[in-house]
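Shown next, in structure tokens, is the structure this report addresses.
In what follows, every heavy atom counts, from backbone to side chain, and hydrogens, waters and symmetry copies are set aside. Given the structure is predicted, the values throughout are model-derived calculations rather than measurements. Chain letters run A, B, ... following the sequence lines, proteins first and then strands; every chain starts at 1.
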There are 2 protein chains.
Amino acid sequence: MANNLAFAALSDPTRREVFERLAAGPSAVGDLARGLPVSRPAVSQHLKVLKEAGLVTDRPDGARRVYQIDPQGLGQIRAWLDRFWDVALDAFKAEVERSEAASIKSDEDRT
Amino acid sequence: MANNLAFAALSDPTRREVFERLAAGPSAVGDLARGLPVSRPAVSQHLKVLKEAGLVTDRPDGARRVYQIDPQGLGQIRAWLDRFWDVALDAFKAEVERSEAASIKSDEDRT
DNA sequence: CAAGATTGTTAGCCATGGCTTACCGTAAGC
DNA sequence: GCTTACGGTAAGCCATGGCTAACAATCTTG
């Protein structure tokens with residue numbers, strides 16, 4: 001149950017922004033920071049969190065360090081969500097029917 | 001782009017626990033709190049956040065209040081994730097090939 | 001080898017948020 | 001109508017975490 005790391009990682013707006021930019025293609029830390037409203041160390045810290053959550057991978061490239069999307073963390077969240085998707089739809093359907101039944105009943109009561 | 005609410009809501013472990021319990025079936029606030037290590041007002045506050053994120057729905061039931069899973073917020077997160085799923089897999093595949101190519105090249109350099 | 005570039009790390013600051021206690025409103029039952 | 005049960009809200013406390021500035025480490029280049 002390590003998905004809490006992935007959820008916590010994506011709960012921060014700046015981190016989601018970093019993640020979305022990496023989805024457009026691999027990038028180095030400095031290049032990422034240049035397009036964001038926060039400092040480079042901040043981006044570096046965000047990348048560390050994303051990495052520990054299995055959402056990105058990094059690879060050395062000379063003095064630079066290239067980060068890239070990792071499907072692993074994404075898959076964990078997807079799997080967690082899918083556990084509730086069907087039951088959520090069923091619950092919603094049942095609720096609609098229950099609500100309509102109550103509505104019809106109140107109509108009958110009025111007659 | 002209201003998915004930030006859903007992500008922030010599910011980033012808290014207690015809130016995910018509440019959500020999972022509701023996935024097992026609709027429940028009132030007190031019943032939920034009785035099975036959790038936090039106080040009832042805490043659960044009430046969590047439910048408020050989940051509700052604003054479109055993850056649960058509430059309906060009055062006498063003096064009680066029954067909460068239930070709502071597929072809307074879940075769908076938002078799923079849609080957001082699906083935007084990156086394919087590109088993440090492609091990036092992963094490309095990385096594997098790049099990595100293997102570099103490995104082969106270093107082997108050649110050694111001969 | 002020296003200088004510049006790129007990145008990770010630490011210390012410290014401050015806002016956010018989760019939790020509890022106390023209180024208030026509302027609905028059910030005697 | 002009064003009491004009891006149920007749930008939302010406000011105030012306050014404290015831990016978490018995101019940010020910046022300063023520093024250290026590593027790599028490239030002349």
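Side chain of A:Ser44 to main chain of A:Pro41: no donor-acceptor pair is present (N/O by atom type, distance under 3.5 Å, no hydrogens or angles). In this structure, the side chain of B:Arg16 engages the main chain of B:Leu10 through a donor-acceptor pair within 3.5 Å. A donor-acceptor pair under 3.5 Å is formed between the side chain of A:Arg21 and the backbone N or O of A:Gly35.
Residue A:Pro60 is out of contact with every strand shown, counting any heavy-atom pair closer than 4.0 Å.
Contact between the side-chain N/O atoms of A:Ser44 and the OP1/OP2 oxygens of C:dG8 is found at a separation under 4.0 Å. Contact annotation: A:Tyr67 does not reach the phosphate of C:dT6 (side-chain N/O to OP1 or OP2, under 4.0 Å). Proximity of B:Arg40 to the phosphate of C:dT21: no side-chain N or O atom is located under 4.0 Å from OP1 or OP2. Taking side-chain N and O atoms only, A:Arg64 has no distance below 4.0 Å to OP1 or OP2 of D:dT26. Close to C:dC19, at under 4.0 Å from its OP1 or OP2, lies a side-chain N or O of B:Thr14. Phosphate contact (OP1/OP2 of D:dC19, side-chain N/O of A:Ser39, threshold under 4.0 Å): absent.
The base of C:dT7 does not come close enough to the side chain of A:Gln45 for any donor and acceptor atom to sit less than 3.5 Å apart.
Taking atom CG on B:Asp61 and atom C1' on C:dT26, their separation rounds to 14 Å, with Å as the unit. Following rounding to the nearest Å, B:Asp12 (CG) and D:dA15 (C1') show an atom-to-atom distance of 13 Å. Look at NZ on B:Lys51: it is 14 Å from P on D:dG7, rounded to the nearest Å. Taking atom CG on B:Asp58 and atom P on D:dG7, their separation rounds to 12 Å, with Å as the unit. Taking atom CG of A:Leu36 as the reference point, atom P of D:dG18 lies 15 Å away to the nearest angstrom. One interatomic measurement links the two molecules: CG of B:Leu32 to C1' of C:dC19, which rounds to 17 Å at whole-angstrom precision. D:dG17 atom P lies 11 Å from atom CG of A:Asn4, rounded to whole Å. In this structure, B:His46 atom NE2 and C:dT20 atom C1' are separated by 12 Å, rounded to whole Å.
Residues B:Val49 and B:Arg15 are in side-chain contact: their nearest non-hydrogen atoms beyond the backbone lie under 4.5 Å apart.
Both A:Ala63 and A:Arg15 sit near DNA chain D, but only A:Arg15 has its closest nucleotide nearer the 5' end. Residue whose closest nucleotide on DNA chain D sits further toward the 5' end, between A:Ala42 and B:Gly30: B:Gly30.
The minimum heavy-atom distance linking B:Val29 with B:Arg40 is given by the pair CG1-CG, 4.0 Å.
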